[in-house]
Amino acid sequence: MDEEILETAKSICACGAEDEALLKRLCAASAQALERELREGVAPEDCKGAFICASAWLAAAALTDARLGGAEELSSLRAGDVTVEVRGGANSERAAALRRSARQLMAPYTEGGGFFFCAVKG
């Protein structure tokens with residue numbers, strides 16, 4: 001299943017040869033983290049398709065964050081009374097969306113019983 005997770009993650013984040021070793025580690029770590037969250041009596045093989053996709057999405061999100069290196073973009077700047085607003089770029093939003101999707105996909109199989117928190121933009 002590890003190779004399936006890696007191949008799925010590679011296709012999601014257009015991984016080049018320079019990132020492949022890191023992505024492989026991220027896939028293994030994501031799969032281990034998800035496996036620890038599974039309800040008692042549920043094995044990764046019981047939800048194989050969801051497990052592969054969710055692990056790959058989490059690894060791709062981690063790689064996207066690693067590529068960003070904390071980069072943010074200026075979203076607003078006003079000179080009068082000085083207002084500066086900074087937000088994450090489109091890639092950080094993409095990474096967050098991948099994480100949310102992974103959690104939603106695995107919700108029926110994890111300890112939380114389908115309940116999860118997600119961020120709401122205000």
With the side chain counted from C-beta on, respond yes when [X] and [Y] share a heavy-atom pair under 4.5 Å apart, and no when they do not.
{"X": "L34", "Y": "R103", "value": "yes"}
{"X": "I12", "Y": "R94", "value": "yes"}
{"X": "Q32", "Y": "R36", "value": "yes"}
{"X": "S30", "Y": "I5", "value": "no"}
{"X": "R99", "Y": "L58", "value": "yes"}
{"X": "E45", "Y": "F51", "value": "no"}

Indicate, with yes or no, if L6 and L22 share a hydrophobic cluster defined by side-chain heavy-atom contacts under 4.5 Å among Ile, Leu, Val, Met, Phe, Trp and Tyr.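 Yes, one cluster joins them.
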
Between [X] and [Y], what is the shortest heavy-atom contact and its length?
{"X": "L23", "Y": "C13", "value": "CD2-SG, 4.0 Å"}
{"X": "M106", "Y": "A54", "value": "CG-CB, 3.3 Å"}
{"X": "L38", "Y": "C47", "value": "CD2-SG, 4.2 Å"}

So, taking the atom named [atom1] in [X] and the one named [atom2] in [Y], what distance separates them when rounded to the nearest 0.5 Å?
{"X": "C53", "Y": "L98", "atom1": "SG", "atom2": "CG", "value": "11.5 Å"}
{"X": "T110", "Y": "E35", "atom1": "OG1", "atom2": "CD", "value": "13.5 Å"}
{"X": "E4", "Y": "C27", "atom1": "CD", "atom2": "SG", "value": "12.0 Å"}

Less than 4.0 Å between a side-chain N and a carboxylate O, is that true for E7 and K10? yes

Can you name the one residue among D19, D65, L63 that meets side-chain contact (heavy atoms from CB on, under 4.5 Å) with L26? L63

List in chain and number order the residues that pass salt bridge (charged side-chain N to carboxylate O under 4.0 Å, His left out) with D2, two or more places apart in sequence or in another chain; answer none if no residue qualifies.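 With sequence neighbours excluded, D2 shows a salt bridge (charged side-chain N to carboxylate O under 4.0 Å, His left out) to no residue whatsoever.
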
